[in-house]
Protein chains: 2
Amino acid sequence: MENKISFKEAKACPIQFVLAVNDTLNVINGKWKLPIIGSLLFEKRRFTEIQRNIPKITPRMLSKELKDLEMNGMVKRTVYDTTPITVEYELTESAKSLGDVLDKMLEWGLQHRETVLSES
Amino acid sequence: MENKISFKEAKACPIQFVLAVNDTLNVINGKWKLPIIGSLLFEKRRFTEIQRNIPKITPRMLSKELKDLEMNGMVKRTVYDTTPITVEYELTESAKSLGDVLDKMLEWGLQHRETVLSES
DNA sequence: GTTGTTGCTATACAAAAGGATACTACTATA
DNA sequence: TATAGTAGTATCCTTTTGTATAGCAACAAC
């Protein structure tokens, strides 16, 4: 039962290509995932720390997005039995490796903006 | 008035970082942009060709998304005065260069999926 | 003169995403 | 006893996104 798809195979087939790229996009989609990942990129943080880091997010949204990220293997949640209780969120190794992809997007985004503006 | 931001600057500042990456994400967000880009990656196509290429898209959505992509400098639209009228859509150079970014996303997506599955 | 083709647009609606506001249980501090 | 901090939930509402279905104008072939 070898259903693993190689880069080569995925790239050659438009359908597999779109599906696999969407896998990546789905992990970071929505208004808040990127800011949350950004907040955790360099250090683990607690719920309220992230909240203070992203001024306009509501606890409902933060809670929901953290759950999403955890389910997708992007964030690890650790509970410490202190009083009051302490919960720490940190990025998984896989999530940290997304940094390279984000760099590529950053690069393209800056360049594209320049190209588009220079044409107007 | 030099408001151009370098990769280095953007990478160092979390806010600029998130903004610039979002620039890239916004260009390909929504359900249909990626399939449309995929359809145009190797050849220019006409409206109904794209429609046939992406079976479940409605003309309303295709029309809307193509306009979006055109406005964002991703697609060039050319009208030929034939009967019936012919309209061709093709990716801009900037859009084609997005291919490299998509490859990175593809790579990460495949790898992440493997990592997450192997842990369960 | 009916049907088909091209590249769409109009209207109405359903679903998904996100926001506002209030609230919980527990404890520590003033 | 009142206030504040911890990590969230619950409920309701608005905004955004996408769908369904129909139709248009210009021709051309049958």
Asker: B:K67 near the nucleic acid: base, sugar-phosphate alone, or nothing, with a heavy-atom cut-off under 4.0 Å?
Answerer: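 Sugar-phosphate only.
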Asker: Check the phosphate of D:dA7 against A:T48, side-chain N and O only, distance under 4.0 Å to OP1 or OP2. Yes or no?
Answerer: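 Indeed, a polar side-chain atom of A:T48 lies that close.
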Asker: If you measure only the distance, is there a donor-acceptor pair under 3.5 Å linking the side chains of B:R45 and B:Y89?
Answerer: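 No pair is found: no donor N or O on one side chain lies under 3.5 Å from an acceptor on the other.
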Asker: Nearest to the A:S63 side chain among D:dA28, C:dC8, D:dT9, which nucleotide is it?
Answerer: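 Ranking D:dA28, C:dC8, D:dT9 by closest atom to the A:S63 side chain puts D:dT9 first.
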Asker: Classify B:Y80 by what it touches in the nucleic acid, base, sugar-phosphate, or nothing, heavy-atom distance under 4.0 Å.
Answerer: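 It contacts nothing in the nucleic acid.
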Asker: Between A:R45 (CZ) and D:dT6 (P), how many Å, whole number?
Answerer: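 Distance, rounded to whole Å: 14 Å.
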Asker: Want to settle it: does B:R52 or B:R60 sit nearer the 5' end of DNA chain C, counting the closest nucleotide to each?
Answerer: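 Counting from the 5' end, the first nearest nucleotide belongs to B:R52.
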Asker: Check the distance between C:dT9's P and B:I57's CD1 and give it to me in whole angstrom.
Answerer: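 In whole Å, C:dT9 P lies 14 Å from B:I57 CD1.
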Asker: Can you check the B:L25 CG to D:dT17 C1' distance for me, whole Å?
Answerer: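 So the CG-C1' distance, B:L25 to D:dT17, works out to 17 Å.
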Asker: In terms of side-chain heavy atoms, does A:T48 have a donor or acceptor partner in A:Q51 at a distance below 3.5 Å?
Answerer: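 A:T48 vs A:Q51: no donor-acceptor pair found between side chains.
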Asker: Assess whether a salt bridge exists between A:E65 and A:K33, defined as any Lys/Arg side-chain N lying under 4.0 Å from an Asp/Glu carboxylate O.
Answerer: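 Result for this pair is yes, salt bridge flagged.
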Asker: For B:K33 and D:dT17, give me the distance from atom NZ to atom P, rounded to whole Å.
Answerer: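 Between P of D:dT17 and NZ of B:K33: 9 Å.
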Asker: In whole angstrom, what separates B:F47's CZ from C:dT5's P?
Answerer: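 Those two atoms, CZ and P, are 16 Å apart.
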Asker: Should A:R77 be listed as having a side-chain N or O under 4.0 Å from OP1 or OP2 of D:dG8?
Answerer: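 For D:dG8, OP1 or OP2 has a side-chain N or O of A:R77 closer than 4.0 Å.
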Asker: Which value, rounded to the nearest 0.5 Å, describes the distance between A:L91 atom CG and A:L40 atom CG?
Answerer: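 Those atoms lie 5.0 Å apart.
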Asker: Nearest whole angstrom, please: distance from the C1' of C:dG18 to the NZ of A:K64.
Answerer: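 One finds 8 Å between C1' of C:dG18 and NZ of A:K64, rounded.
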Asker: A:K31 NZ to C:dA16 C1': how many Å, rounded?
Answerer: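 That distance rounds to 15 Å.
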Asker: Starting the side chain at C-beta, find the nucleotide from D:dT21, C:dG7, D:dG18 nearest to B:I85.
Answerer: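 Output: C:dG7.
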Asker: In the structure I gave you, are the side-chain heavy atoms of A:V75 and A:T92 within less than 4.5 Å of one another anywhere?
Answerer: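 Heavy-atom side-chain distance check fails, nothing below 4.5 Å.
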Asker: Would you indicate which nucleotide in C:dG7, D:dA22, C:dG18 comes nearest to any side-chain atom of B:P59?
Answerer: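 Out of C:dG7, D:dA22, C:dG18, the nucleotide with an atom closest to B:P59's side chain is D:dA22.
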Asker: Identify which nucleotide among C:dC8, C:dT6, D:dA7 has an atom closest to any side-chain atom of B:P84, counting heavy atoms from C-beta outward.
Answerer: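 My answer, after comparing the listed nucleotides, is C:dT6.
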Asker: Taking atom P of C:dA16 as reference, at what distance in whole Å does atom CG of A:D68 sit?
Answerer: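 Distance, rounded to whole Å: 14 Å.
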Asker: Respond yes when some side-chain nitrogen or oxygen of B:T83 is under 4.0 Å from OP1 or OP2 of C:dT6, and no when none is.
Answerer: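 Checking C:dT6 against B:T83, no side-chain N or O comes under 4.0 Å of OP1 or OP2.
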Asker: Under 4.0 Å, heavy atoms only, any strand: does B:T82 hit a base, just the sugar-phosphate, or nothing?
Answerer: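 B:T82: no heavy atom of the nucleic acid under 4.0 Å.
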